There are 2 protein chains.
Amino acid sequence: MSSIREVARRSGVSVATVSRVFNAPEVVSQRTRQLVLATAAEVGYLPNESARTLATKKSHMVGLVWDTDHRRPGWRHPFFQDILVALKSALSAHGLHLLMLAPDQTPGLDDRQRFLRAVQRHSVDGVVIIDNGSRDPAVLALVDAAVPCVALDLRFTGPTCTHITSDNAGGGRLAATHLIERGHRHLATITGPPPTLPAAERLAGFRDALTEAGLPLADDDVVAGDFYLDSGYAAMQRLLARDPRPTAVFAAGDEMAVGAMKAIHEAGLRIPADIAVVGFDDIEVAALIPPGLTTVTQDKTGFGTAAAEAVMTMLHGAATPPAPTTLPTTLVVRGST
Amino acid sequence: MSSIREVARRSGVSVATVSRVFNAPEVVSQRTRQLVLATAAEVGYLPNESARTLATKKSHMVGLVWDTDHRRPGWRHPFFQDILVALKSALSAHGLHLLMLAPDQTPGLDDRQRFLRAVQRHSVDGVVIIDNGSRDPAVLALVDAAVPCVALDLRFTGPTCTHITSDNAGGGRLAATHLIERGHRHLATITGPPPTLPAAERLAGFRDALTEAGLPLADDDVVAGDFYLDSGYAAMQRLLARDPRPTAVFAAGDEMAVGAMKAIHEAGLRIPADIAVVGFDDIEVAALIPPGLTTVTQDKTGFGTAAAEAVMTMLHGAATPPAPTTLPTTLVVRGST
DNA sequence: CGCGTTGATGTAACCGGTTACATCCGGCTC
DNA sequence: GAGCCGGATGTAACCGGTTACATCAACGCG
C-alpha cells in the first residue's frame, strides 16, 4: 500500500502536488498531472480514507441508525429492504458509503449517548434514521447535537434535521373513499399502535373521508393493533363479534390485513362478498395472497432516494435543512374489495 | 470534540498515558486511571476512530459486499433482511460496525478493482459477501488480495476466505423423501438457474433420494427457473402439459413455488389433492398463502451469526480461516403436501 | 551499598493525508 | 527596466491517535 509520499518521490514532485492532482486537478499543470497519475497507477496508490478523514473531518460516510429499540430486536418493517436498496444505490452514485452503526459499547455510558458517540467517533457526515416510531432518546440526542440527519417515517425536525414520510392521511382517505364508492356504509378500521404517527395519520385521513361522506365511525369499530400479523387477526375477531357486523375493514398495515383475512376466512365468511378488506403498505404478500389484497402503496424506493438527496443537500452545506418530503400514496385495487 | 492532548493536559499526564487508559488499562496505576477517566468524562472526550485507524490499521469495520451484479440491480434474496439483522447484531455485540461498500467510482478503473479498492481505502478489517451466485470478478479480486472474507451461500475458498452455506443437498433430499412418504411416485422439480451452486446441490439431493427409492426422474420433469416468481409460474405450466402429469413438484425456491401454485390453481387443479408442492427457503409468504406451503427452511439467522463469528475469528489473527459452515435445513410441513 | 528488576510514566516518531502560506518564474504594463 | 500579476509548485504545520524506547523511582537481594 504505497503512500502519497512514495508517489511524490517517484514522480519528483511534492506531496502537496500529488494531493492536488486528486483533489483539485485543475490547479496543476497538464504535464505534471499526467506524470503523477501515471506513477500513481504504476505503484497502485490509493488515498487512505482514514488519513483523509482525519485531516478534513469529512468521512464520506452516512450513518444508518436502525433498530434502536431493544424491546423489539430485529425490528423489520417489510419495506426495509426496498428502502435500503434504494438508499444505498443513491448514495453510492455520489460516492457515499453507508455505515450501519453499532451503538457505542462503553460500559456505564448513558444510553442516550450511545448512537451520538458512535456517530462522532467515526466522523460520519450525516445520519439516516429508520426507526419504528418510538421516540428513542438515543436518537433524539443526535438531533440535539446538530448532526445532519434525515428520519424516515418519523416526524423529526430540528435545525439540522428533516424527514421523509408517506402521505398517510391521504392514504387513509383513499382507502375510505374507495370502500364508500364500492357501496359500503358500515366501515371499521384496525389501526397501528396509537402513539405512533403513521397510525394516527392514517386513522385521521380515514375518519375525515367518512365524516365528509356523512358516515359514522363508532368507537367500537376502531381497534388498535401493533402492525404485526397476529394483532390483525385478534382485532378482526373483535370486529366480527360486532352486531351489526361491518361490511368493510381498513387495516393500517398489510401484515395486519393479512391477519384479518385469516380471521375472516376462519369465520366462514367470504372476501370481498361478506367483508371487504383494504390494507396499507403493499408488501410482497399482498399481491400473492388470494383473492389479492387491495392496498395503499407506499413509495419504498422514493424513501430511499429522497433520503439520499436530503442527506446530500445537507452535506453540501445548506444553511437550513431541506423541507420535509411527503411521498404520495396510491391505491392498488385487487380482489379483496 | 476534545482531543487526547486536551485530556492529557487537563489531567497533568502525557498523551501516552491517556491512550493507555483506554487501550491497556491494566498497565496504568489505579489512581492515574481514575483521574484520567474523570477528566475524559468531564470534557466529553471520545477517541477519534480515523486517527486510531490510521495508526493501527484496524478500523473495526466489516465491509459488506452486496448486490454487485449490475445486470440484476437491487437483487433481493428474500433472506437478505433476516441475514442482515442477525449479522449486524452479532457484529454490534463485538463492537464491529458494518460498512456497506460502494464500489470505487474512479473513472477508467478496471472493474475488477472496484471493490478491492473500496476495501483497502477504508482499511476495512474483513468482508462479508452476499452475492447472487455469479462469480463476479470484482469479488474474486478480494480473495486474491488476501482480504479476510466470508461468503454467504457461495462456495468461495482461499487462504483468507471461508463460506457459509445451507445444506442444500440435504434439503433437496428432505423434500423428496417427504413426498415419497406421502405416496407420490411421479415427482418433478423446478430448479434454480443451472450455473448456481444452490440450484445444483438442491437438485442433486432431490435426485439422489429418488434414485435410492428406485424412482425415475425424467429429463422433462426437470425444468429450470431463475428463483423468481414468474419463472416458477412458467415452469409449472410446462410441467402441467406433461402426460402423465406429475403428482408432486419440488420447487428449489419459495418464490418459484408460489408461482407454481398460481399456475396450478389457474389450471383448475387442487393443492395438494391433485398436485403437491414443496418449496425451499421458508419466506414469509410460505406460511400465509393458502393452503400453506410445505417448504425446506434455511436458517437465516444462522447465516448472520455464523458469518459474524467467522469474520471475528479471522480478525483475531487465526492463521488459517475457519472451516466452512454448513447450516442444517429442516422441513416445515404445511397444507400443500 | 551497588545492581538488576519491575512498574509507571514520559518523549517523540510515525501513520498518511490536507492546506495555509511562501516561493519562484514568465509575461505584461507603463 | 521596475513593478505587478497570476499560475505552478514547494514547505511545513496540522489532524488525533499509537507505540517503541527511554527514563526514573522503588524494591529486593547478595
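Quick caveat: nothing in here was measured; it's all calculated off a predicted structure. A note on names: the letters A, B, ... follow the listed sequences, proteins ahead of strands, and every chain is numbered from 1.
In this structure, CZ in B:Phe115 is found 9.5 Å from CD1 in B:Ile129, a value given to the nearest 0.5 Å. For the atom pair CZ (A:Phe303) and OG (A:Ser166), the distance works out to 4.0 Å, reported to the nearest 0.5 Å. To the nearest 0.5 Å, atom CE of residue B:Met61 and atom CG of residue B:Leu99 are 5.0 Å apart. The CZ atom of B:Arg155 lies 9.0 Å from the OG1 atom of B:Thr157; values are rounded to the nearest 0.5 Å.
Aromatic rings from A:His122 and B:His97 are positioned such that their centres are separated by under 6.0 Å.
Residue-environment remark: CZ (A:Arg112) stays at or below the threshold of 12 foreign heavy atoms within 6.0 Å.
Helix bend of the helix from C:dC1-D:dG30 to C:dC30-D:dG1: the angle between its two end axes, each built from five pairs, comes to 50° after rounding to 10°.
Within a heavy-atom distance below 4.0 Å of DNA chain D, the residues of residues 21-37 of chain B found are B:Asn23. At a non-hydrogen distance threshold of 4.0 Å, A:Leu54, A:Ala55, A:Lys57 from residues 40-60 of chain A come into contact with DNA chain D. Contacts between residues 120-127 of chain A and DNA chain C, defined by a heavy-atom separation under 4.0 Å, are absent.
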For nucleotides 10-13 of chain C, give me every protein contact, N/O to N/O, under 3.5 Å, one pair per line with atom names.
{"residue": "C:dG10", "atom": "OP2", "partner": "B:Ser14", "partner atom": "N", "Å": "2.8"}
{"residue": "C:dG10", "atom": "OP2", "partner": "B:Ser14", "partner atom": "OG", "Å": "3.0"}
{"residue": "C:dG10", "atom": "OP2", "partner": "B:Thr17", "partner atom": "OG1", "Å": "2.7"}
{"residue": "C:dG10", "atom": "N7", "partner": "B:Arg20", "partner atom": "NH2", "Å": "3.4"}
{"residue": "C:dG10", "atom": "O6", "partner": "B:Arg20", "partner atom": "NH2", "Å": "2.5"}

Which atom pairs link the protein and nucleotides 26-28 of chain C when you take only N or O atoms and keep those under 3.5 Å?
none

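The side chain of B:Ser19 contributes an N or O atom lying less than 4.0 Å from OP1 or OP2 of D:dT18.
For the pair B:Asp153/B:Ile164, no side-chain contact is recorded, criterion being any heavy-atom separation below 4.5 Å from C-beta on.
Using a distance-only test at 3.5 Å, with no hydrogens or angles considered, no donor-acceptor pair links the side chain of B:Ser11 to the main chain of B:Val13. Remark: side-chain polar atoms of A:Thr305 are paired, donor with acceptor, to backbone N or O of A:Thr301 under 3.5 angstrom. B:Asp104 contributes no side-chain N or O that, together with a main-chain N or O of B:Ala118, makes up a donor-acceptor pair within less than 3.5 Å.
Inspection of the B:Ser50 and B:Thr53 side chains reveals no N or O donor paired with an N or O acceptor under 3.5 Å.
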